[in-house]
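Below, chains carry the letters A, B, ... as their sequence lines are ordered, and counting in each starts from 1.
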Number of protein chains: 2
Amino acid sequence: MASSEVRQEKRRVSELEADSAAPAGMDRSAETRLRLLEAAGPIFAERGLEGVTVREICGRAGVNIAAIHYHFGDKGRLYIAAVKYARERRAERYPFPNWGEDVSPEIRLRGFIETIVRRMLEPDVPWQTRLLMREVLRPTDACRALVEDYFRPDFESLVSIIENLMPDGTTARCCRQTALSVLGQCLLYRIAGDIVRQLVTDAEYRRGYEIESLADHIWRFSLAACRGWEEVEREAQRIRKEWESQQA
Amino acid sequence: MASSEVRQEKRRVSELEADSAAPAGMDRSAETRLRLLEAAGPIFAERGLEGVTVREICGRAGVNIAAIHYHFGDKGRLYIAAVKYARERRAERYPFPNWGEDVSPEIRLRGFIETIVRRMLEPDVPWQTRLLMREVLRPTDACRALVEDYFRPDFESLVSIIENLMPDGTTARCCRQTALSVLGQCLLYRIAGDIVRQLVTDAEYRRGYEIESLADHIWRFSLAACRGWEEVEREAQRIRKEWESQQA
DNA sequence: AGACCTTTCAAACGCCTGTTTGAATCACTA
DNA sequence: TAGTGATTCAAACAGGCGTTTGAAAGGTCT
């Protein structure tokens, strides 16, 4: 009992070393760690922590079952390590376009939407991106901080795009909520792809629901909402009165 | 082995009887079935098939573990029975408003959105509704037909509302996709409620994200999109040209 | 009351999970 | 080459899962 704790303690030290380097002449230990991470990552990204067995992971990695305990302590910490690893490899994630200063907010919005949709749906987006997306959508207690430094910057940049598109004087709160409306549209196809496929006909699905077309529609819809915002503002009072009379 | 099959076969017959009636003098069998369904339903609705153990279900129902096998065959068929039961009790689900002929599409849209958001978020919406929502979002093979008769009618009525709001000549395909944009906004708060709460400040969340406010924003955003649709159509060519030049 | 079928019950079964063990193997130093 | 610590391995472990069992209890007929 005490001996196993010692084992883990030793390993936890060399985990830290492993952060710093994976030298050309990689030792067995570092290689095994890497094989586990690279094997576990994609499956975790697809099916989550509970949906995967350690036996499957080790099988794909070609290492012994006990390796997880030896190198990471347990399955849960392997998962966390995989998330961290994915975050470190952030460069590999599907990148946002890098606009110049003079690019219009309309174009920025278009690029943002396409990037998000692609991250959601592109099957050959790197698993690191997909795992981080999963964590962002259903944050594990252990990784809640991830939202802050992985996703919030993207969110804030979307908000600032929208601030440029909405009429002057629109509150920041309203802009944030609008940003969420844009994100919600993107998420739908990831979360409820099955039902969407069932609701529209097959032919229509094949022609109008590839990534480009989806991004295009979401963009037009969202942009149109910004354009029409003031008009609805003006109608609002009349409609709201009608609404309340209908409610009663 | 053969005997157990016989048992199940017998039961499967009386399952059918159980559809027809639950008379005042309910016999033990029907009562146990009902207790299982009523105990399992809410937990299934919350955590799904895999997230619940038969021991928990039977514990809450106050019946023996073996009752599931005896009355339903196995856990999976209990789940299916719970979904069917939920669908039969459709009347209890949170209803759409029943508009008169003369109600404007703007108002209809407002009512539709609020109903959906409420179904997603209201904690004391009946579990039957929540279980069906879950099935619609991640359709199990067994219950795929559910989408057709439970959800499609709602979807089609949303589409027809939108057809009345979009400019004349908008294609049906575009209206369906727009309907999905509306639904996506509603879904976000159910699917990614955690991250939303983290992205906006606590104070803002409490004041601006109750059901009424959410429905109001989604409604304004969607209505504005319909109003601004033609304007964007007109801009589209110019913007698209800019987009393509930026891409290159 | 006795026979018969239905329904419940406590207990166990077999399986799969994540984890642990102790010995075998490897890589390196003296 | 012998010794030492790091790493791998096959095997087993404990515990939870869904399922099954065979007997007990309940209800309903003649």
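Under 4.0 Å is where a charged nitrogen must lie from a carboxylate oxygen, and between A:R87 and A:D149 at least one such pair does. Note on A:E88 versus A:K84: no salt bridge recorded, every NZ/NE/NH1/NH2 to OD/OE distance being 4.0 Å or above. Ion pairing of A:D154 with A:R119 is present here, as a side-chain N (NZ or NE/NH1/NH2) and a carboxylate O approach within less than 4.0 Å.
B:E31 has its CD atom 11 Å from the P atom of D:dG27, to the nearest Å. In this structure, A:Y79 places its OH atom 14 Å from P of C:dG18, rounding to the nearest Å. Atom NE2 of B:H71 and atom P of D:dG18 are 18 Å apart (whole Å). When rounded to the nearest whole Å, the span between CD1 of B:I57 and P of D:dT19 equals 10 Å. Atoms CD1 (B:I68) and P (D:dC17) sit 12 Å apart, rounded to a whole Å. For the pair B:H69 NE2 and C:dA12 P, the interatomic distance rounds to 19 Å; values are reported in whole Å. When rounded to the nearest whole Å, the span between CD of A:E56 and P of C:dG18 equals 10 Å. The separation between B:K75 atom NZ and D:dC17 atom C1' is 8 Å, rounded to whole Å.
One N or O donor and one acceptor, one from the side chain of A:R55 and one from the base of C:dG18, sit under 3.5 Å apart.
Distances from the side chain of B:Y70 to the nucleotides C:dT8, C:dT19, C:dT21 place C:dT8 closest. If you check C:dA10, D:dG18, D:dT8 against the side chain of A:N64, the one that comes closest is D:dT8. Minimum atom distance to the side chain of A:T53 is reached by C:dT17, of the listed C:dT17, D:dT21, C:dT19.
Residue contacts for B:I65: at a heavy-atom cut-off of 4.0 Å it reaches a base atom on one of the strands shown.
For the OP1/OP2 pair of D:dT8 and a distance below 4.0 Å, the side-chain nitrogens and oxygens of A:T32 include at least one atom meeting the criterion.
Contact annotation: the side chain of A:R206 never approaches that of A:R197 to less than 4.5 Å [non-hydrogen atoms, C-beta and beyond].
No hydrogens or angles considered: nothing links the side chains of B:Y205 and B:E210 as a donor-acceptor pair under 3.5 Å.
Nearer to the 5' terminus of DNA chain C, by closest-nucleotide assignment, is the contact made by A:V52 (compared with the other of A:A66 and A:V52).
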